[in-house]
Visitor: 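Structure below; questions to follow.
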Amino acid sequence: MIKITLPDNSIKEFPKGVTGYEIADAISSRLAKEVLSVSVNGEVWDLTRPIEGDAHIKLHKWDDREGKDTFWHSSAHLMAEAIEFFYPETKFGIGPTIDTGFYYDIDLPEGRQLSEKDLEKLEKKMLELAREKNDIARREISKADAISMFSEKGDVLKLELVNELEDGTITLYSQGNFTDLCRGPHLPNTGLIKAVKLTSVAGAYWRGDEKNKMLTRVYGVSFPKQKMLNEYLEMLEEAKKRDHRKIGKEMELFTFSEAVGQGLPLWLPKGAQLRMQLEDFLKKVQRKYGYDQVITPHIGDVRLYKTSGHYQKYGKDSFQPIKTPAEGEEYLLKPMNCPHHCEIYKAKPHSYKDLPVRMAEFGTVYRYEQSGELHGLTRVRSFTQDDAHIFCRPDQLKDEFKKVIDIIFIIFKALDFKDYTAQISLRDPNTPDKYIGSPGNWDKAEQAIIEACGEKKLNTVTEVGEAAFYGPKLDFMIKDALGRSWQLGTIQVDYNLPERFNLEYIGSDDQRHRPVMIHRAPFGSMERFVAVLIEHTAGKFPLWLTPEQVVLLPISKKYNDYAKKVLNFLNNSDIRTIIDDRNEKIGKKIRDNELKRIPYLLIVGEKEAETDTISVRRQGEGDKGSMALNEFVEFIKDAVKKQLSGLYN
RNA sequence: GCCGGAGUAGCUCAGGGGUAGAGCGCAUCCUUGGUAAGGAUGAGGUCACGAGUUCAAUUCUCGUCUUCGGCUCCA
């Protein structure tokens, strides 16, 4: 007998060689039906693999990431089986799982192509194969056998993979007529896969290297229940409707012009209004937290960026310097604000008593992004960071870092982002060439972040190798209303720039000391943030933020004068109001303005004009009855105050 | 940057070797209305740009630009 420890630390005895499935079945038959894979001492295993000794285990269902991974991994194999059925000479690359679903990179036989039209056929075949409920069997194989097997098959891709593996660790998985090189784990049988959608087909280089052959990548997603697939497809539809590029156009928030250039957004009046509202909000918060606003030019001497190290790192792959005609001086469109801010810091000597110095700027920066990377407002060549740099003493670092975390949460609260994770990005000690600065400073910086997160009790994940080249960082990812993750704010600790710019302060010991810098941008960039906000809210922005809060709808032109009086009154009361005095019936005006996502529609006609009232209609909710004008102003101001209460006052 | 789609009116899109169409929007007129589409008339296009094939190109071919889906990249 062996001892099996469950996640609740209860221990059960089972015969040696018991499988994950048998353990699940012993607990409950319902669990046995739902379980997909099992972690054995921290390693995810097939349910059918015998456990030979004492072990800690955790059973994974669909709700676990590990469960989904197993499910989608097997689905990728099922897809490969279907592809092999139709195109027997196909060579298979890798078929991993991704956030939602899986893909397989394949090399189709000479002259064959796969297009979106073929996907339906493959889906049908996959479901047909799934209904056969074929067992998925694991088999260990020697390296020599694996090499001869894939040589025989002529599968050069798998051969390349096998050659890189160590003997004794190579496993094959088979189901029906299909066998694949694979580390596993997999579902016990293909019958658990009840619903499949192949979502797209695209080109991808073998092993992500553009020098290699372009393979065909087929993306898909699968589910244990048809209903789940339907929900997923509905979510995709909804995501399409919320696409910020579509809504941005509809709501006249921003546009692009070929004449201006790709990746250079033009903010239209309503978009600019929205953005300024966000900026003003953050400025107020920052004032409370002791920041000073600064303004710096859009270009800087190229030597500034040589000092900072940015030029060496990115210069040649970026926008090239601008030259002055007479002197031949070289200037760079600024890709970062920090060097300018360092020079502001240097403009006067600093005492330890002055620190921290917190310098904020909505700084527009220009970066060359590869043309294929540009995407709406989320990836552009000119964008404005809600940037700030905090110059502080080493002993202040952690506290300052924690205050920045507080600001980020104020923003999340104001905009109703409830679900976040914070990613701590550390350097990869194996690739020291990628980073500048001394290992000692890196250690201190990484430690400060880890401790600050711990003390703030943040929900964090740690990624090694994701640090910026000058320092470690903490990035915030939020989940939007559709459950999609977006990276927004960032906080970065930097010992390097102060050194490169020779920044100093005079300590209480009357000696020169080096300050530490924190780079931080809670929104990230205004462009990207607005894009995320559009998709999160589907364009229905919170009342405090939305560019047009109220629209006046006169019943007929007889009441236009009264409507205009109300319009002036509301605008003078700082309520952003417009009027729709087109020659249209009231039903038509209501419909059009409901679709424009304006929160309040005020209908005015004879009744209202006589009594100095308005008839209130809430967008998406319908008629709310009539209100006196003063009463309505108070009501709106109250609603705005409630949304922002306690955040900066 | 690389692979593959796409580019026709302000917007969404149909069409196709003989120089263009719909709906919405816009303008004018009729209607003056009470909580999600009243009616009529009209203006709007170098069919992304450049070259080639052809008697004739918006349509076919090539190149360029932009855009979309991926890949790689992201201070």
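All figures in this text were calculated on a predicted structure; none of them were measured in a lab.
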Visitor: Specify the separation, in whole Å, of atom CD of A/Q370 and atom P of B/rC3.
Guide: 13 Å
Visitor: Would you say A/K589's side chain and A/R582's backbone share a donor-acceptor pair under 3.5 angstrom?
Guide: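 Pair found, side chain donor or acceptor close to backbone of A/R582.
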Visitor: Mind checking the P distance from B/rA36 to B/rA22? Whole angstroms is fine.
Guide: 31 Å
Visitor: Look for any protein N or O under 3.5 Å of an N or O in nucleotides 41-47 of chain B and output each such pair with its distance, or none.
Guide:
none

Visitor: Of the nucleotides B/rG1, B/rG69, B/rC71, which has the atom closest to the A/Y368 side chain?
Guide: B/rG1
Visitor: Counting the atoms with a prime plus P, OP1 and OP2 as sugar-phosphate, which does A/H375 contact under 4.0 Å by heavy atoms, base, sugar-phosphate, or nothing?
Guide: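 Counting heavy atoms under 4.0 Å across all strands, the contact made by A/H375 is with sugar-phosphate only.
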Visitor: So, A/H519 versus A/D387: side-chain donor-acceptor pair below 3.5 Å or not?
Guide: no
Visitor: Verify the distance criterion only: is there a donor paired with an acceptor across the side chains of A/Q423 and A/T460 at less than 3.5 Å?
Guide: no
Visitor: At under 4.0 Å between heavy atoms, which parts of nucleotides 28-38 of chain B does protein reach? Answer with one letter per nucleotide, 5' to 3': B base, S sugar-phosphate only, - none.
Guide: --BBBBBBBBB
Visitor: Between B/rG70 atom P and A/L119 atom CG, what is the distance in whole Å?
Guide: 14 Å
Visitor: Under the criterion ring-ring contact (aromatic ring centres under 6.0 Å, His included), which of A/Y87, A/Y103, A/Y104, A/W206 is the partner of A/F92?
Guide: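 Among A/Y87, A/Y103, A/Y104, A/W206, the one meeting ring-ring contact (aromatic ring centres under 6.0 Å, His included) with A/F92 is A/Y104.
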Visitor: Please name all residues satisfying ring pair (Phe, Tyr, Trp, His ring centres under 6.0 Å) with A/F401, sequence neighbours left out, ordered by chain then number.
Guide: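 Applying ring pair (Phe, Tyr, Trp, His ring centres under 6.0 Å) to A/F401 gives none.
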Visitor: For A/E594, what residues pass the side-chain contact (heavy atoms from CB on, under 4.5 Å) criterion, not counting sequence neighbours?
Guide: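 Counting only residues at least two positions away or on another chain, A/E594 forms a side-chain contact (heavy atoms from CB on, under 4.5 Å) with A/I590, A/L601, A/R617, A/Q619.
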Visitor: Backbone N or O of A/A609 within a donor-acceptor pair of the A/T613 side chain at under 3.5 Å?
Guide: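 Between the backbone of A/A609 and the side chain of A/T613 there is no qualifying donor-acceptor contact (under 3.5 Å).
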Visitor: Enumerate the residues from residues 257-265 of chain A whose closest heavy atom to RNA chain B is under 4.0 Å, giving them by residue number; use none for an empty result.
Guide: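 The stretch gives A/E258, A/Q262 as the residues lying under 4.0 Å from the strand, ordered by number.
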Visitor: In this structure, how many angstroms lie between the P atom of B/rG4 and the CD1 atom of A/I106, rounded?
Guide: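 The answer, rounded to whole Å, is 16 Å.
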Visitor: If the C1' atom of B/rG25 is compared with that of B/rU64, how far apart are they to the nearest Å?
Guide: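 Roughly 33 Å separates the two C1' atoms.
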Visitor: Stem finding on RNA chain B, please: runs of three or more consecutive Watson-Crick or G-U wobble pairs, both distances under 3.5 Å, sorted by first number.
Guide: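 Consecutive-pair runs (3 or more) involving RNA chain B: B:1-7 with B:65-71, B:10-13 with B:21-24, B:26-30 with B:38-42, B:48-52 with B:60-64.
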Visitor: Near RNA chain B, which residues from residues 295-302 of chain A have a heavy atom under 4.0 Å away?
Guide: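 Residues of residues 295-302 of chain A under 4.0 Å from RNA chain B: none.
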Visitor: Taking atom C1' in both B/rU46 and B/rA27, what distance in whole Å separates the two?
Guide: 25 Å
Visitor: Under 5.5 Å centre to centre and under 30° between planes: does that hold for A/Y314 and the six-membered base ring of B/rA75?
Guide: yes
Visitor: Hey, does the side chain of A/S200 come within less than 4.0 Å of B/rG69's phosphate (OP1/OP2), counting only N and O?
Guide: no
Visitor: Identify whether any heavy atom of A/R245 sits under 4.0 Å from a base atom; if not, whether one sits that close to sugar-phosphate; answer base, sugar-phosphate or nothing.
Guide: sugar-phosphate
Visitor: Report yes if at least one side-chain N or O of A/R367 is closer than 4.0 Å to OP1 or OP2 of B/rC74; otherwise report no.
Guide: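 No, A/R367 has no side-chain N/O under 4.0 Å of OP1/OP2 on B/rC74.
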Visitor: Could you tell me how far B/rC13 sits from B/rC68 if I compare only their P atoms? Round to whole Å.
Guide: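 These two P atoms come out 13 Å apart once rounded.
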Visitor: Under the criterion salt bridge (charged side-chain N to carboxylate O under 4.0 Å, His left out), I'd like the reasoning laid out for A/E250 against A/K246: C-alpha separation, chi angles, the key distance, then a yes or no.
Guide: CA-CA 6 Å; A/E250 277 170 21; A/K246 179 171 151 17; 3.0 Å; yes
Visitor: Pick the closest RNA chain B nucleotide for A/G376 and for A/Y470 by heavy atoms, then say which residue is nearer the 5' end.
Guide: A/G376
Visitor: What's the gap between B/rC24 and B/rU61 when it is taken at their P atoms, as a whole Å value?
Guide: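 To the nearest whole Å, 35 Å.
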Visitor: Between the base of B/rC74 and the side chain of A/R379, is there a donor and acceptor pair under 3.5 angstrom?
Guide: yes
Visitor: Check whether the side chains of A/Y559 and A/E608 place a donor and an acceptor atom closer than 3.5 Å, and report yes or no.
Guide: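 Distance-only check fails for A/Y559 and A/E608.
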Visitor: Just how far, in rounded Å, is P of B/rC71 from CG of A/D105?
Guide: 10 Å
Visitor: When you check the side-chain N and O atoms of A/S615 and A/S626, is any donor under 3.5 Å from an acceptor?
Guide: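 Side chains of A/S615 and A/S626: no pair found under 3.5 Å.
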Visitor: Can you tell me, in whole Å, how much space there is between the C1' of B/rA48 and that of B/rA57?
Guide: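 Those two atoms are separated by 16 Å.
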Visitor: Could you measure between the two P atoms, the one in B/rC11 and the one in B/rC47, and give it in whole Å?
Guide: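 B/rC11 and B/rC47 have their P atoms separated by 16 Å.
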Visitor: Salt bridge (Lys or Arg N to Asp or Glu O under 4.0 Å): which pairs involve residues 212-221 of chain A, sequence neighbours left out?
Guide: A/D105-A/R217, A/D107-A/K213
Visitor: Between A/R618 and A/Y600, do the side chains contain a donor N or O and an acceptor N or O under 3.5 Å apart?
Guide: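 Their side chains do contain a donor-acceptor pair, which is all the 3.5 Å distance test asks for.
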Visitor: Which residues pass the side-chain contact (heavy atoms from CB on, under 4.5 Å) test with A/N502, not counting sequence neighbours?
Guide: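 By the side-chain contact (heavy atoms from CB on, under 4.5 Å) rule, A/N502 matches A/E504, A/R514.
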Visitor: Using atom P of each nucleotide, how far apart are B/rC49 and B/rU41 to the nearest Å?
Guide: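 Going atom to atom, P in each nucleotide, I get 32 Å.
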Visitor: Run the side-chain contact (heavy atoms from CB on, under 4.5 Å) test against A/F86 and tell me which residues pass, sequence neighbours left out.
Guide: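 Counting only residues at least two positions away or on another chain, A/F86 forms a side-chain contact (heavy atoms from CB on, under 4.5 Å) with A/K121, A/L122, A/K125.
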Visitor: Could you tell me how far apart A/R520 (CZ) and B/rA75 (P) are, to the nearest whole angstrom?
Guide: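 Value for this atom pair: 18 Å.
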Visitor: Is the side chain of A/Y305 donor-acceptor paired with the backbone N or O of A/M336 at a distance under 3.5 Å, no angle test?
Guide: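 Checking the backbone N and O of A/M336 against the side chain of A/Y305, a donor-acceptor pair under 3.5 Å is found.
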Visitor: Atom pairs, N/O to N/O, protein against nucleotides 9-12 of chain B, distance under 3.5 Å?
Guide:
unit_1 : atom_1 : unit_2 : atom_2 : d
B/rU12 : OP1    : A/K249 : NZ     : 3.3

Visitor: Strictly by side chain to side chain donor-acceptor pair (under 3.5 Å), give each pair with a member in residues 309-319 of chain A just once, sequence neighbours left out.
Guide: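 Passing the test, one end in residues 309-319 of chain A: A/S308-A/H310.
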Visitor: Please step through salt bridge (charged side-chain N to carboxylate O under 4.0 Å, His left out) for the pair A/E330 and A/R303, ending with a clear verdict.
Guide: CA-CA 8 Å; A/E330 293 189 313; A/R303 286 173 299 183; over 6 Å; no
Visitor: Give one of base, sugar-phosphate or nothing for A/Y219, where a contact means two heavy atoms less than 4.0 Å apart.
Guide: sugar-phosphate
Visitor: Syn if the chi torsion is within 90° of 0, anti otherwise; quick check, which is B/rG23?
Guide: anti
Visitor: Judged by each residue's nearest nucleotide on RNA chain B, which is more toward the 5′ side, A/R207 or A/A467?
Guide: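 Final value for this comparison: A/R207.
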